[in-house]
Protein chains: 2
Amino acid sequence: MARTSDRAQRAGHAGVSIEDVAAAAGVSTATVSRAVRGLPRVSPATREKILAVAETMGYVASSSASGLATGRTKTIGVLAPFVSRWFFSKAIEGADRELHARQYNLSLFNLGGHGSNRERLFSKTMVYKQIDALLVLCMALTHDEIEHLQKIDIPLVVVGGHVEECPYIGIDDYAAASTAVRHLIELGHRDIALLHGDDETDLNFDVPRVRIRAFKDLMAEAGLDARPEWDERGDFTVPSGQAAFKRLWNRPGPKPSAIFCASDEMAMGVIFEANRAGVRVPEDLSVIGIDDHDFSEAIGLTTVGQRPDEQAELGTKMLLDELDGNAGAVRSTIAPHRLIVRGTTAPPRAAGTSARAAATRAAGTSARAAATRAAGTRDLRGSPAPQAS
Amino acid sequence: MARTSDRAQRAGHAGVSIEDVAAAAGVSTATVSRAVRGLPRVSPATREKILAVAETMGYVASSSASGLATGRTKTIGVLAPFVSRWFFSKAIEGADRELHARQYNLSLFNLGGHGSNRERLFSKTMVYKQIDALLVLCMALTHDEIEHLQKIDIPLVVVGGHVEECPYIGIDDYAAASTAVRHLIELGHRDIALLHGDDETDLNFDVPRVRIRAFKDLMAEAGLDARPEWDERGDFTVPSGQAAFKRLWNRPGPKPSAIFCASDEMAMGVIFEANRAGVRVPEDLSVIGIDDHDFSEAIGLTTVGQRPDEQAELGTKMLLDELDGNAGAVRSTIAPHRLIVRGTTAPPRAAGTSARAAATRAAGTSARAAATRAAGTRDLRGSPAPQAS
DNA sequence: TTGTATGCGTTATCAT
DNA sequence: ATGATAACGCATACAA
């Protein structure tokens with residue numbers, strides 16, 4: 001009723017409204033709405049005037065109001081199990097690029113580990129009705145959670161890990177792991193250890209298992225023995241790589257001449273600990289990882305690289321296209337990976353073409369410097385890997 | 001007008017509304033609202049019934065609608081120049097903890113570096129009217145940007161970097177840097193190089209400069225020479241640390257026996273490159289950083305640690321308390337830092353108590369293993385540092 | 001091209 | 001304790 005006094009009261013509350021602008025510009029709110037959103041049906045003259053007024057008044061639309069009116073929040077959610085690990089922080093970065101370029105907001109949901117605030121996130125007020133689409137980062141999800149997500153009925157895509165019935169973007173883990181193992185085998189290694197990342201929970205997360213399978217398949221194919229005592233488990237982190245190396249080297253018996261790590265961080269852990277134990281890389285032990293972590297080049301780590309940022313960016317683009325009415329824009333896609341040979345892999349000492357290894361050992365004093373290198377100086381940049389299946 | 005058909009049409013649109021629940025429960029929307037929010041004025045009986053109905057119907061309030069009604073979005077914004085660097089990803093993690101524990105959402109705004117999409121973020125529809133408060137992470141801000149932020153008039157706090165006129169949470173950079181340099185000096189080093197992170201833009205970001213000042217003050221205090229040719233500039237990243245080491249060692253003339261790096265990542269770059277060049281750490285070169293990066297323990301890096309996650313968590317808590325009506329909850333606070341002595345620092349070879357250094361050199365074969373270590377094995381866990389000013 | 005009117009789903013005020 | 005009902009600020013058919 002007391003329209004005027006209401007308005008006056010509100011004034012200090014949430015800034016200038018579209019009505020204020022309309023009044024100041026001498027037009028209706030409808031016209032202002034069209035003008036500020038760049039819609040067609042408004043004359044150049046009035047548009048200019050409105051824009052000017054809006055600018056000076058510092059008008060910016062209330063997202064709540066327009067969200068309520070349109071039914072869209074203009075923000076997409078990003079679900080991540082961690083944010084400070086390489087894959088995830090890179091993916092978030094990539095999603096953000098695409099999002100903000102298209103005027104969307106990024107709402108981050110960190111499901112630290114397994115327990116805690118998970119349920120709340122899925123079942124309660126969060127996630128749901130706050131976002132227009134959801135980008136899931138390489139998560140181990142329970143069946144209930146998956147069901148929940150699908151019931152929400154918004155565009156959804158998962159990056160970096162398979163989830164049943166959900167569109168997926170990521171590298172071909174089997175092919176990537178195979179590429180790494182093949183590199184080792186071709187170098188002449190026969191005694192190859194495996195450092196995988198399977199935590200054997202019942203969660204839906206088969207990335208580790210696929211990499212394990214690739215390892216075993218290739219070993220078998222080459223007629224090599226995948227010794228159970230060289231089968232180590234980690235959790236994709238540096239400390240778990242360190243621990244694995246220690247277990248491997250403290251155990252009596254023969255040592256592997258190479259180790260395939262399911263992630264670069266674990267590979268780094270192995271390398272750091274090997275250095276500390278006086279085991280030379282790659283002379284005594286070749287190490288290869290998967291990822292191409294930010295630090296890998298500096299360390300000289302040979303790896304099979306992938307680009308989580310680009311994967312997430314692509315996933316986000318699909319989501320946004322879908323929201324733009326482009327039905328079917330979200331489609332499972334295999335992202336590229338490529339072998340990047342650097343300094344942590346070399347032929348085994350005892351093996352076939354031991355020329356280089358022998359030379360290194362025989363080089364006397366200078367060998368010391370060579371051995372000191374956490375990473376070799378060779379830097380043969382990665383040749384593109386065969387893109388499998 | 002045709003109310004019923006409207007409702008039918010809407011049905012598939014955005015899920016079940018409060019009105020649907022009210023109807024199903026045989027009460028008014030007002031009561032439902034109170035019930036689901038746990039507000040007082042509703043009888044236990046009806047509350048229980050409403051909650052049950054809401055549960056089975058899968059009701060969840062529209063954030064847009066309640067945002068419009070209350071004027072609060074229940075989300076706070078986090079402004080970061082990077083998301084995949086240690087400090088920031090950790091800080092985001094910390095903010096997220098507190099936020100989601102208190103039912104708030106986290107909206108991430110990544111302002112990549114200096115140029116690019118900065119303006120859009122500040123002046124346009126983003127940030128503003130989408131969030132209830134803002135957490136700024138260690139940003140280099142222009143004066144215009146600062147002004148802009150303050151005009152928005154929402155609770156604001158910056159973590160990890162000073163911004164004029166803004167409440168601030170972070171370590172005492174001067175004290176932290178002093179602690180690091182003092183450690184080196186007390187070890188007997190006289191030839192100390194500096195690797196700082198100042199990019200000398202005109203932006204408001206004095207963290208690097210404060211650390212530089214601390215270095216120079218302490219050197220002067222100890223009567224030591226801060227040689228200009230040992231004053232290197234980096235950008236807090238590993239590669240910049242590598243580059244700095246190379247410049248230092250490629251230059252003719254005497255070499256420093258220790259180097260103080262303004263970040264752990266730069267320190268790692270130095271270490272990796274030193275290994276590659278056959279310069280032994282800490283025998284030939286002591287290295288100390290600031291941060292206590294996730295990888296620092298594995299590498300054995302001596303450093304002055306800080307906890308960005310806790311800093312951000314505290315900042316977030318303050319913001320939320322302020323929003324909860326607790327005026328004055330946001331206050332500048334100094335966060336703790338502590339010296340963590342690990343394996344990359346030791347007395348200089350030529351210096352006073354050269355017992356250990358000499359022993360290492362004389363150890364023959366075993367010295368080789370020692371030299372191989374990217375990091376020493378000593379792992380004296382950090383004694384708490386004197387908390388300065 | 002521009003304006004009018006109504007709906008969006010909640011919250012909050014004021015009765016009852 | 002519960003129920004009408006008026007905002008909230010914007011978008012959008014529909015009318016002009």
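Every heavy atom of this structure was used, including side-chain atoms; hydrogens, water molecules and symmetry mates were not. Throughout, protein chains are lettered first and strands after them, A, B, ... in sequence-line order, and every chain is numbered starting at 1.
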Side-chain donor-acceptor pairs under 3.5 Å in residues 42-53 of chain A, sequence neighbours left out?
from	atom 1	to	atom 2	distance (Å)
A:Ser43	OG	A:Thr46	N	3.3
A:Ser43	OG	A:Thr46	OG1	3.0
A:Thr46	OG1	A:Ser43	O	3.0
A:Arg47	NH2	A:Leu39	O	2.2

Next item on the list: Would you mind building the protein contact string for nucleotides 10-16 of chain D? One character per nucleotide, 5' to 3', B for base within reach (heavy atoms under 4.0 Å), S for sugar-phosphate only, - for untouched.
Entry: BSBB---
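- Counting any heavy atom pair closer than 4.0 Å across all strands shown, B:Ser64 reaches no nucleic acid atom.
- Taking the charged nitrogens against the carboxylate oxygens, B:Asp321 and B:Arg102 do have a contact shorter than 4.0 Å, which makes a salt bridge.
- Atom P of nucleotide D:dA6 and atom CG of B:Leu68 are separated by 16 Å, given to the nearest angstrom.
- Residue contacts shown for A:Val32 are absent, as no nucleic acid heavy atom lies under 4.0 Å away.
- A heavy-atom distance below 4.5 Å is not found between the side chains of A:Gln130 and A:Thr73.
- When rounded to the nearest whole Å, the span between NZ of B:Lys74 and C1' of C:dT10 equals 14 Å.
- Under a 3.5 Å cut-off, the side chain of A:Asp96 and the backbone N or O of B:Phe109 do not form any donor-acceptor pair.
- Residues B:Tyr104 and B:Thr316 form no side-chain contact, since every pair of their non-hydrogen atoms from C-beta on lies 4.5 Å or further apart.
- The CD atom of A:Glu98 lies 11.0 Å from the CG atom of A:Leu135; values are rounded to the nearest 0.5 Å.
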